[in-house]
Colleague: 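One structure is given below, represented as structure tokens, and several questions about it will come after.
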Amino acid sequence: LYAQWKPKTAPYTVKHWKQRLNGTAGVHNEINYELAETETFTAQVGKSVSPAVKTYTGFKSPAVQQGTVKEDGSLVIQYYYDRQSYLVTLYAETGIESTSGGGSYLYGNTVNISATLKEGYHWKDWTGTYQTDQQSYSFTMPTQNVTMTANGEANTYTIRFDPNGGTGHIDDIVTTYDTDVTLPDATGIYKKYTLDGVNVTADVVSGAIPEDVIVQSDIPDEENQDEEDQDEEDQGIGEAEKEELQFEEPETEVTDPDM
């Protein structure tokens with residue numbers, strides 16, 4: 001007869017915990033981490049074991065731990081996985097005053113980005129990691145850095161010429177904000193340019209149209225018109241001369257089709 005001795009075995013447990021979206025890394029409790037997986041193994045009592053860690057997308061795997069198997073099966077090894085952090089980098093292109101929402105984010109967190117436009121520009125789109133025409137845009141942080149560029153476009157304006165009862169014609173000029181514009185002189189017949197009754201020749205004959213010159217208004221300046229009519233009466237200008245005077249002082253209407 002031979003006596004055979006079998007080593008005594010016992011179970012042990014391995015728990016894998018993932019950091020919650022709003023959890024504090026390093027504070028190991030159920031408030032900050034949620035249980036992702038539980039494993040049970042069996043090994044010889046008194047043996048030192050080193051169970052393998054897991055790999056979870058968007059999380060950092062912890063270092064391998066060791067433990068000694070106990071006869072009562074009470075050995076529990078806890079692994080805590082912290083969320084990876086990634087960068088959101090934002091760039092401002094044409095017509096963009098500023099951007100918001102860039103910075104460091106944990107995997108899975110919600111990211112809100114937005115852009116502020118410069119005066120005279122309208123929104124176009126975001127380009128980069130994501131493509132969208134939404135000026136304020138939200139996405140879930142992926143397992144990579146994100147780069148986005150905000151883009152705007154200059155507003156379009158139409159310059160119209162009104163001879164005020166005279167003869168002749170000048171074609172409309174379609175231009176964009178902050179663009180140099182040279183106004184035609186219509187073979188020297190037009191003597192000056194007015195906007196709502198105000199002489200703006202010196203401001204717009206050459207160069208970019210200044211912001212304070214672009215006035216969105218289709219309402220005639222009645223006060224200025226009354227003053228002009230009164231001046232003509234005082235000077236005894238005849239009907240034909242009035243038409244010529246109006247022709248020499250055309251109004252320009254500047255409109256914004258986007259408004």
Side-chain angles (χ1 to χ4, degrees), residues 91-99 114-127 131-136 149-259:
Y91 296 100
E93 275 294 334
T94 300
I96 303 300
E97 184 70 35
S98 62
T99 61
S114 186
T116 301
L117 290 162
K118 293 180 180 178
E119 186 172 3
Y121 293 83
H122 60 271
W123 175 251
K124 184 181 179 183
D125 58 13
W126 285 101
T127 55
Q131 315 290 319
T132 179
D133 58 4
Q134 298 178 39
Q135 188 171 345
S136 295
T149 300
N151 305 287
E153 289 182 325
N155 293 338
T156 299
Y157 297 94
T158 300
I159 302 174
R160 297 188 175 93
F161 302 88
D162 183 356
N164 284 340
T167 59
H169 173 75
I170 297 179
D171 292 336
D172 292 350
I173 296 177
V174 178
T175 186
T176 55
Y177 180 82
D178 204 27
T179 300
D180 288 347
V181 176
T182 300
L183 301 182
D185 62 5
T187 66
I189 297 176
Y190 278 27
K191 299 297 178 65
K192 71 177 182 179
Y193 300 93
T194 62
L195 180 65
D196 293 335
V198 178
N199 185 354
V200 295
T201 304
D203 295 320
V204 299
V205 165
S206 179
I209 299 178
E211 173 188 338
D212 57 355
V213 171
I214 299 178
V215 180
Q216 306 303 322
S217 174
D218 294 330
I219 303 175
D221 189 338
E222 296 180 358
E223 182 178 348
N224 288 344
Q225 187 61 50
D226 291 342
E227 292 178 357
E228 290 180 4
D229 293 344
Q230 184 62 45
D231 290 344
E232 291 171 356
E233 292 177 2
D234 294 343
Q235 295 174 15
I237 298 176
E239 198 66 34
E241 293 175 321
K242 287 183 181 179
E243 292 183 359
E244 182 179 2
L245 179 62
Q246 291 172 345
F247 181 73
E248 291 178 347
E249 298 185 358
E251 292 183 356
T252 62
E253 298 179 6
V254 183
T255 60
D256 182 356
D258 295 329
M259 295 186 63

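Just so we're clear, the structure is a prediction, and the values are computed from it rather than from any experiment.
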Colleague: List in chain and number order the residues that pass side chain to side chain contact (heavy atoms under 4.5 Å, CB included) with Thr116, two or more places apart in sequence or in another chain; answer none if no residue qualifies.
Modeller: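 Applying side chain to side chain contact (heavy atoms under 4.5 Å, CB included) to Thr116 gives Glu97, Ser98.
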
Colleague: Decide yes or no for Thr156 and Thr175: does some side-chain heavy atom of the first lie under 4.5 Å from some side-chain heavy atom of the second?
Modeller: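 No, side chains not in contact.
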
Colleague: Thr132: what forms a side-chain hydrogen bond (donor to acceptor under 3.5 Å, both in side chains) with it, not counting sequence neighbours?
Modeller: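 Thr132 satisfies side-chain hydrogen bond (donor to acceptor under 3.5 Å, both in side chains) with no residue once adjacent residues are dropped.
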
Colleague: Return the set of residues passing side-chain hydrogen bond (donor to acceptor under 3.5 Å, both in side chains) with Gln134 (not counting sequence neighbours), or none when no residue passes.
Modeller: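 Here no residue qualifies.
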
Colleague: To check you understand the geometry: which heavy-atom pair defines the closest contact between Ala92 and Thr99, and what is its length?
Modeller: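 For Ala92 and Thr99, the tightest heavy-atom pair comes out as CB-CG2, 4.2 Å.
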
Colleague: Could you pull out all residues at least two apart from Asp125 that satisfy salt bridge (charged side-chain N to carboxylate O under 4.0 Å, His left out)?
Modeller: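 If we apply the salt bridge (charged side-chain N to carboxylate O under 4.0 Å, His left out) test to Asp125, skipping adjacent residues, there are no hits.
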
Colleague: Taking atom CH2 of Trp126 and atom OG1 of Thr149, what is their separation to the nearest 0.5 Å?
Modeller: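 Output value for this atom pair is 8.0 Å.
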
Colleague: What are the two closest heavy atoms between Thr176 and Ala154, and how far apart are they?
Modeller: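 Distance-wise, the nearest heavy atoms are CB-CB, 3.9 Å.
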
Colleague: Identify, with sequence neighbours excluded, every residue that meets side-chain hydrogen bond (donor to acceptor under 3.5 Å, both in side chains) alongside Asp171.
Modeller: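 Residues passing side-chain hydrogen bond (donor to acceptor under 3.5 Å, both in side chains) with Asp171: His169.
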
Colleague: Quick one: side chain to side chain contact (heavy atoms under 4.5 Å, CB included) partners of Thr94, sequence neighbours excluded?
Modeller: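 Side chain to side chain contact (heavy atoms under 4.5 Å, CB included) check on Thr94 returns Tyr121.
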
Colleague: First locate atom NZ of Lys118, then atom OH of Tyr177, and finally report the distance between them rounded to the nearest 0.5 Å.
Modeller: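 Separation between the atoms: 9.5 Å.
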
Colleague: If only atom types and distance count, is the side chain of Gln135 paired as donor or acceptor with the main-chain N or O of Ala115 below 3.5 Å?
Modeller: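 It does hold such a pair.
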
